[in-house]
Every structure is written in structure tokens, then in C-alpha cells.
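The figures that follow rest on heavy atoms only: side chains count, while hydrogens, waters and symmetry mates do not. Here is the naming used below: chain letters follow the sequence lines, and residue numbers restart at 1 for every chain.
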Amino acid sequence: MGLASRVLFVPYRKSQPCSRGPTRHWSEMATNGRHTTTTTYVRWGMAIDLKRCTGCQSCTMACKVENGTPAGVFWMRVLEREEGTFPLAQTLYMPLRCNHCAEPPCVPVCPTGASYKRTHDSLVLIDQDKCIGCSACVIACPYQVRFVPRHKTGYHGDQFTPYEDVSYKRWQAGTAQKCTFCVHRLDQGLGPACVETCPTKALVYGNLNDPQSEISKLIRTRTHFQPRAEAGTDPSLFYLT
Amino acid sequence: MANLFNTELRAQQEWSWQLALDLFLGGLGGGLFLLYQTIDLPPVFALVSIGLVIAGAVVLLTELGHPLRAWRAIFKARSSWISRGVLLVSVFVVTACIHIAPTITNSSWRIWGGDDMGAKVISVAAALSALGITLYPGFVISASRSIPFWDTPMLPAIFFTQSMMGGCGILLLASAFDGGQGMPQAASLTIATIFLNLAMIAGYLLLMRRTGAPARESVRLLLQTRLRGLFWLGAVGAGMVLPLVLLSVQSAVGTATVAGALLLSGGLLFRYCMLKAGVYLPLPLAGIDLSKLNRTTDQLAREYSGWTARR
Ligand code: SF4
Ligand code: SF4
């Protein structure tokens with residue numbers, strides 16, 4: 001059976017060899033889904049276990065290393081909030097990133113179509129060659145996870161480190177940028193850098209449309225909430241509590 | 001940068017002076033053209049309004065990260081108010097130019113005669129697009145649900161009245177050049193629009209004070225903290241109250257010119273303050289009870305049984 005027929009006709013539970021996350025097989029299906037049908041086979045999502053997160057910011061750093069984002073720009077960051085008073089005080093942590101919303105308010109406000117939702121896997125992405133840097137999407141996102149760096153400035157000013165020299169070629173100054181769910185890695189069958197790096201395994205990603213995926217099971221069994229679900233954005237991000 | 005990592009309320013930083021200037025110039029041009037159409041002003045006012053709208057567009061271009069790609073912004077008019085704004089400005093410039101061409105050139109250059117249907121259509125199209133230009137900034141910013149202070153249908157109406165007030169400001173300024181002939185009419189119109197503006201802004205701020213923490217914080221920024229000087233002294237005091245007093249007590253040409261200049265500077269400051277007071281919704285961690293996060297190792301082991309091994 002050819003790949004196209006498999007995508008179209010084989011019930012998806014049978015064709016999913018591993019329930020936890022994407023494999024090469026799944027990303028092939030996603031890529032080919034674009035040509036065969038408008039049905040969304042994959043909806044990438046992430047579950048973040050707030051009980052496991054220790055606020056170490058490893059995901060923040062892994063994202064910076066992987067994507068070469070400039071100073072002041074964080075596609076992934078861990079929020080902190082202090083609770084209580086001494087001696088019963090604690091700090092709460094919450095990793096924050098683009099939720100790849102099913103109803104993303106950042107997309108309709110974009111005047112050029114640079115912000116768009118990939119039909120075959122529901123990722124919200126930015127075509128930097130189309131973006132004019134108007135910041136409408138930055139303002140429209142209720143999660144404050146978009147950035148428009150105006151200049152290419154390194155961590156040491158205009159003098160780039162060898163790493164910055166290479167990694168800064170991946171983005172254009174004056175255009176919007178945000179978490180891509182490491183789409184370049186997903187398309188190779190790899191997981192997002194933040195997930196791979198999290199030392200407490202607080203981050204779990206996978207296909208929300210697959211009831212057998214680990215993320216779907218976690219969402220079924222654990223108490224959880226979606227950030228600002230009341231805004232009608234239907235985020236693909238679930239905080240497990 | 002540090003405030004990206006905490007959950008304090010944060011005002012938007014992206015839209016600032018340049019966008020305020022663009023909204024101001026565009027609104028001014030649209031308002032002036034509407035006045036030109038309704039109270040029979042000389043054609044030079046239409047020319048000035050076209051120039052203002054074009055100047056606003058140029059200012060906007062300089063604010064963009066990639067101005068050379070701005071042509072792409074015409075394609076998403078179905079969903080984006082910025083796109084609609086670009087189309088409105090384009091339609092306005094073309095139709096307003098065609099509309100006034102016969103009146104500022106000799107008759108051999110005319111495209112349409114005075115009673116021609118085509119001329120009427122062009123005139124209506126120019127007026128409607130001018131109306132759109134006065135309204136759309138309000139729609140652009142009220143489309144952002146993430147900033148509750150802007151999330152109200154009152155904004156387009158406020159931007160419209162601000163534009164009309166700006167148009168009146170230009171009429172007052174122009175009275176210095178025509179010896180004050182049109183001044184009485186312009187002054188009474190200005191006084192009416194100032195009252196209307198003051199009432200709408202007061203109503204808007206009162207409403208926003210009751211709309212939740214982020215909108216309340218916006219009002220606090222405007223009235224009591226960071227922006228209070230610009231708002232009270234600039235936008236309200238110098239931009240509305242002082243012109244009102246000047247026009248009410250004295251009807252000299254010099255006074256009208258000063259009042260016109262004050263109105264214009266107040267209009268710019270008002271737009272700037274409105275943009276800078278936009279406070280985002282709080283981030284998700286704020287206001288959520290996470291006090292039950294602690295649990296035993298056994299509970300953790302049960303929840304993750306099977307999964308850790310596979311990983
Ligand atoms: S989190 Fe923000 S940037 Fe990401 S899809 Fe949702 S609205 Fe858009
Ligand atoms: S900044 Fe770019 S992606 Fe965002 S709305 Fe403007 S054109 Fe679209």
C-alpha cells in the first residue's frame with residue numbers, strides 16, 4: 001500500500017507505531033497530508049507537568065541554543081511566581097511558549113498572511129519572507145510569546161560570537177518570530193529541543209488527535225488546564241496540575 | 001527583560017510614537033476631508049487632507065521592519081483591519097484626487113461634468129473612504145483581545161470624534177491665512193467637537209475602570225502614574241480644555257490659530273497615550289491556584305508507570 005493510500009484509508013491507530021510522540025513515519029504522513037486531503041491528521045500539542053517543573057530554565061536555554069534567538073527574545077521561558085510568606089513560602093514555575101492555538105488570534109490580524117496555520121499538523125508558523133514587521137500579531141497574542149527584534153544585535157553588541165554568526169542567519173531582523181515547535185526537528189522525526197533537554201521530564205509532546213499518544217493519556221488521566229482557554233484560542237498546550 | 005519572567009501586568013511596547021503619528025495624520029486627513037465635503041470648504045482643504053493621509057502612510061512605512069514588502073498588506077482585507085486600512089487609504093487617495101481634479105484644473109482637463117453620475121460616485125467613494133480612515137485605527141487596536149483596555153467598540157467612535165476635532169484644528173489654523181473669514185463657524189464646530197470628545201473619553205475611562213484588572217491598570221497608567229503628565233496636561237489640558245477656554249473667551253484670529261495648534265498637538269498626544277496605556281491580559285500563571293501541586297513519590301510513580309521506561 002502506497003503512502004498516500006495509507007494516509008487516506010488506514011485507520012490511524014493502526015498506522016501509529018509509537019503512541020508517545022512523533023516518529024519519522026508520522027512526520028512523513030504529515031508532509032504528505034498536505035497534498036492528499038484537508039483533514040488534520042496531526043495536531044501537535046504539549047503537556048507541561050507543573051508538579052515536575054523545577055524552574056531550572058534548561059528549556060529556555062535549549063531553545064536559545066537550538067534556534068539562535070537574539071538577546072531579549074525568548075521563544076520559551078519559565079515564569080516564576082512567589083506564593084505565601086516566610087516560613088511557608090514557595091516559588092511556582094510555569095513554562096510559557098507559543099501554544100500553537102487551534103483558533104490563533106495572531107493569524108487573522110496579520111495583514112500579509114505571513115502568520116499562518118499549517119493545515120496538516122496545526123502548527124502556527126511565520127513566513128519571514130512575507131512578514132513586514134507591523135507587530136499586529138505581537139499585540140494580538142494573549143500569551144506575550146511573539147517578538148519582533150528590530151536589529152541583529154548579539155549578546156556582546158555588534159561583535160557576533162562565531163555561534164551567533166551562524167545561528168543569526170536563521171532569522172530576519174524586523175520580522176516576527178516565536179516558537180516553531182522545532183518544526184525543523186519534527187520534520188526530521190526528532191522532538192523539540194526543550195522536550196529533549198528537560199531534566200525532570202516535565203514536558204511531554206505528541207499528537208493530540210491520537211488517543212493512544214502519551215500526551216492524550218496524560219490529559220485523560222491528570223487534572224489539567226489550558227492557559228486562558230476562556231479567550232477562545234483553544235491552545236494546544238496543557239498544564240498538568 | 002526580567003519582567004518577561006514574572007507575572008506582573010505589562011504594557012505593550014511595540015506600538016509607539018510612529019504609529020501614534022500615523023494614526024494622527026491619517027485621522028486628521030480623513031476628518032478634514034469629511035469637513036470639506038460637508039461644509040463647503042475651498043478645494044485647498046481637500047488637497048491638504050490628501051497630503052496628510054499620504055504623510056501618515058509614509059510614517060507608517062518607516063515604522064515597519066520591512067517597508068518594501070508593504071504591498072503584501074492588501075491581500076488580507078477579509079480578516080485584518082490593517083489590510084483594510086491600507087485599502088481604504090489607497091481608495092481615498094485615488095478617488096479624492098479624481099474628485100478634486102476638475103476644481104483645481106481648467107475645464108479641458110475635466111473627466112466628468114458637474115452633474116455626471118460618475119462624479120457623484122467618485123465623490124461618495126472619497127467621502128466613505130475618508131470616513132473609513134477616521135474609524136479604522138479604532139478597529140485596528142480594538143481587534144486586540146489581549147489588551148482589555150482597547151477591547152471595546154467605543155474606540156472607533158472615539159477615534160472618529162478625535163479626527164473631526166483635528167479637522168477643526170486645521171480650520172482654525174487656516175483662519176490665520178484667510179483673515180478670519182471662516183473662523184466663527186470653525187470655532188463653534190470646534191467647541192462642539194471638544195465637548196463631545198471630553199464626554200466620550202470620560203465615559204470610556206469610567207467604563208474601563210470597571211472592566212477588570214488590566215483595563216484598570218491602563219486607566220491608572222493614564223490618570224495617575226507613568227502617562228499622567230502627557231495625558232492630563234498634554235492631551236486633555238492643552239489639547240482640549242485650553243482651546244475650549246480660548247475659543248469661548250476671545251474670538252480673535254491669533255487666538256484661533258493658537259487654539260488650532262493646541263488641538264493638533266493634543267490629538268497626537270492622546271493617540272500616543274492610548275497606545276502606551278495598552279496593558280496585556282495577565283499571563284496564565286497569575287491568578288491560578290497551584291497550591292495543590294505537591295504529591296508523593298508513589299503518586300508520581302503511578303502516574304508515570306510504563307512511560308518512563310519506554311522513554
Ligand atoms: S500562543 Fe500566541 S502566537 Fe502562539 S498561536 Fe496562540 S496566539 Fe498565536
Ligand atoms: S509582524 Fe509580520 S507576522 Fe506579525 S502581523 Fe505583522 S506581517 Fe504578520
Side-chain angles (χ1 to χ4, degrees), chain A residues 18 20 49-52 57 71-72 74 77-81 83-84 90 92-94 96 105 107-114 129-136 138-144 148 150 172-176 201 204 214 217-218 221-223 225-228 231-232 239-241, chain B residues 1 4-7 10 12-15 19 60-61 63-86 140-141 143-147 150 278 280-286 288-295 299-300 303-304 306-308 310-311:
Chain A
C18 165
R20 185 177 71 77
D49 192 338
L50 295 180
K51 289 178 175 172
R52 286 187 166 220
Q57 304 279 4
F74 297 91
R77 62 191 198 263
V78 183
L79 300 179
E80 299 184 7
R81 190 180 90 198
E83 284 271 291
Q90 61 170 331
L92 299 175
Y93 301 102
M94 177 182 272
L96 184 78
V107 170
V109 297
C110 176
T112 62
D129 291 332
K130 283 188 183 170
C131 176
I132 55 173
C134 66
S135 296
V138 181
I139 303 270
C141 168
Y143 306 96
Q144 301 174 40
V148 180
R150 293 283 157 189
Q172 301 175 25
T175 64
K201 297 185 169 46
V204 179
E214 194 62 36
K217 287 181 188 165
L218 277 172
T221 53
R222 292 277 303 275
T223 53
F225 68 92
Q226 286 171 286
R228 294 233 157 277
Y239 290 108
L240 308 176
T241 58
Chain B
M1 188 194 299
L4 283 176
F5 287 78
N6 62 36
T7 53
R10 217 175 125 242
Q12 66 84 19
Q13 306 287 324
E14 282 72 28
W15 287 347
L19 187 68
L60 182 62
L61 282 180
E63 204 229 338
L64 295 178
H66 286 273
L68 292 180
R69 298 177 189 163
W71 59 271
R72 289 184 179 276
I74 55 173
F75 296 122
K76 289 285 167 184
R78 272 178 56 190
S79 65
S80 161
W81 270 104
I82 294 185
S83 225
R84 289 171 195 159
V86 171
V140 166
I141 67 173
S144 306
R145 295 277 147 83
S146 56
I147 296 184
W150 297 344
Y280 286 113
L281 283 168
L283 286 170
L285 184 53
I288 284 172
D289 177 18
L290 299 173
S291 55
K292 296 189 184 65
L293 282 184
N294 296 330
R295 68 223 146 118
Q299 282 172 314
L300 274 175
E303 276 162 19
Y304 285 87
W307 178 66
T308 320
R310 276 212 303 280
R311 195 167 176 158

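At least one donor-acceptor pair closer than 3.5 Å links the side chain of B:Ser80 to the backbone N or O of A:Val109.
Looking at B:Ile147, only its side chain comes within 4.5 Å of chain A, counting heavy atoms on both sides. Using a 4.5 Å cut-off between heavy atoms, B:Trp71 makes no contact with chain A at all. Using a 4.5 Å cut-off between heavy atoms, B:Arg10 contacts chain A through its side chain alone, with no backbone atom that close. For A:Ala136, the parts lying near chain B are the backbone and the side chain together; criterion is any non-hydrogen pair under 4.5 Å. The part of A:Val78 that comes within reach of chain B is its backbone (N, CA, C, O), which places non-hydrogen atoms under 4.5 angstrom from that chain.
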List the steps and the verdict of side-chain contact (heavy atoms from CB on, under 4.5 Å) for A:Arg77 and B:Leu4. CA-CA 8 Å; A:Arg77 62 191 198 263; B:Leu4 283 176; 3.7 Å; yes

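Atom CZ of residue B:Arg145 and atom CD1 of residue A:Ile139 lie 15.0 Å apart, to the nearest 0.5 angstrom. Atom OG1 of A:Thr112 is separated from atom NE2 of B:His66 by 11.0 Å, given to the nearest 0.5 angstrom. Going from atom CD1 of A:Ile132 over to atom CG of B:Leu60 covers 7.5 Å, rounded to the nearest 0.5 Å.
Counting heavy-atom pairs closer than 4.5 Å to chain B, the top-ranked of the candidates A:Pro108, A:Gly232, A:Gly133 is A:Pro108. Top candidate by heavy-atom pairs under 4.5 Å with chain B, chosen from A:Glu80, A:Gln57, A:Gln144, is A:Gln144. Of the listed residues (A:Ala176, A:Ala114, A:Cys134, A:Pro105), the greatest number of heavy-atom pairs within a distance under 4.5 Å of chain B belongs to A:Cys134. When each of B:Ile82, B:Val86, B:Leu68 is checked for heavy-atom pairs under 4.5 Å with chain A, B:Ile82 comes out on top.
In this structure, A:Cys141 and B:Ser146 approach most closely via the heavy-atom pair O-CB, 3.6 Å. Residues B:Glu63 and A:Arg150 approach most closely at O-NH1, 3.3 Å, considering heavy atoms. Here the closest non-hydrogen pair linking B:Ser83 and A:Pro111 is OG-O, 3.4 Å.
The closest side-chain heavy-atom distance from B:Leu281 to A:Arg228 is below 4.5 Å.
Checked against ring-ring contact (aromatic ring centres under 6.0 Å, His included), A:Tyr143 has no partners two or more places apart in sequence or in another chain.
Within a 6.0 Å sphere centred on CZ of B:Arg78, heavy atoms belonging to other residues, nucleotides or ligands number 12 at most.
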